[in-house]
Amino acid sequence: MKKTGWILTLFLLSGCSLRVLDPASPYADKITRLIYLSFGIMMLVFVVVMILFVHFLKKFHETSDRVDEIPVDESGNRKLEITWTVLPVLLLVILAVPTVTTTYQLTSGASQGEGGQDKERVIIHVKAEQFRWEFTYEGGEVSYDKLVLPLDKEVELRLTSEDVIHSFWAPNLAGKIDVFPDKETRLVFTANKLGDFQGKCAEFCGSHHALMRFETTVMEASAYETWLQDQ
Ligand SMILES: [Cu+2]
């Protein structure tokens, strides 16, 4: 039964087309580094705790000559108390500093060049509705459930919703961003890898939420222009 459970889990996971740890933009690359950092810290804590656990199991397990032994009642070990207070604080600082600075770096891009003053930036309007994505490009071209982006060009997505709250998530390119019916949110990133990347709505938004997927295609700037003309 246990084996069947594992096989089923692997089978279900194999259905995931989202590749979270495969960055195709500096934005996604920064997030990936944060994931590796927190995973590294987690593994360090896990391994140290497991080593201590096994060590103490061996050291203090009951043996025939120790059956009646009563352990010494120790209270207040200053050294140990300082160690297990300082170490977790240190680990949290190592995790918190890059997390906070990265978060500020990534969100500051959306407020710079406010109002599209930055002429180099490609502005695409994203409209979410139950249950599809509509992308409107600078010349008024529209595509549904397919976002096309030029390579190595800074892109600014301006997102709004027609109905409920959705969440735009293309893990190869950027982090999740909420999409609201009465407020515009922005996402700024630069795709630096050619190819097709999967994205989906990451906020439960109704009966067909699971089908609210989209594909992102990153193409050379010249091919992007041609594609736009074909729309
Ligand atoms: Cu949705």
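Quick note: numbers below take in every heavy atom, side chains included, and nothing from hydrogens, waters or symmetry partners. We count ligands from 1, going down the list as the structure has it; atoms in each ligand are counted the same way. Here, residue 1 is the first one in the sequence, and each next residue gets the next number.
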Exercise. Evaluate the criterion side chain to side chain contact (heavy atoms under 4.5 Å, CB included) for residue pair V155 and V188; output intermediate values, then yes/no.
Key: CA-CA 6 Å; V155 172; V188 176; over 6 Å; no

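For E141 (side chain) and G139 (main-chain N/O), a donor-acceptor pair under 3.5 Å exists by modelled atom type. Checking side-chain atoms of Q130 against main-chain N and O of C205 turns up a donor-acceptor pair under 3.5 Å.
Protein contacts to the Cu ion (ligand 1) involving N, O or S atoms at a distance below 2.8 Å are H166 ND1, C201 SG, C205 SG, M212 SD.
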Can you give me every donor-acceptor pair (side chain of residues 164-179, partner residue at least two apart or in another chain, under 3.5 Å) with its distance?
{"residue": "H166", "atom": "NE2", "partner": "D163", "partner atom": "OD1", "Å": "2.8"}
{"residue": "N172", "atom": "ND2", "partner": "R19", "partner atom": "O", "Å": "3.1"}
{"residue": "N172", "atom": "ND2", "partner": "D22", "partner atom": "O", "Å": "2.9"}

Side-chain donor-acceptor pairs under 3.5 Å in residues 142-153, sequence neighbours left out?
{"residue": "S143", "atom": "OG", "partner": "Y137", "partner atom": "OH", "Å": "3.0"}
{"residue": "S143", "atom": "OG", "partner": "K146", "partner atom": "O", "Å": "2.5"}
{"residue": "D145", "atom": "OD1", "partner": "W133", "partner atom": "N", "Å": "2.9"}
{"residue": "K146", "atom": "NZ", "partner": "T217", "partner atom": "OG1", "Å": "3.0"}

Show the atom names and distances, to 0.1 Å, of all donor-acceptor pairs under 3.5 Å that link a side chain in residues 32-51 to residues at least two apart or in another chain.
{"residue": "T32", "atom": "OG1", "partner": "A28", "partner atom": "O", "Å": "2.7"}
{"residue": "R33", "atom": "NE", "partner": "D29", "partner atom": "OD2", "Å": "3.0"}
{"residue": "R33", "atom": "NH2", "partner": "D29", "partner atom": "OD2", "Å": "3.1"}
{"residue": "S38", "atom": "OG", "partner": "L34", "partner atom": "O", "Å": "2.8"}
{"residue": "S38", "atom": "OG", "partner": "I35", "partner atom": "O", "Å": "3.2"}

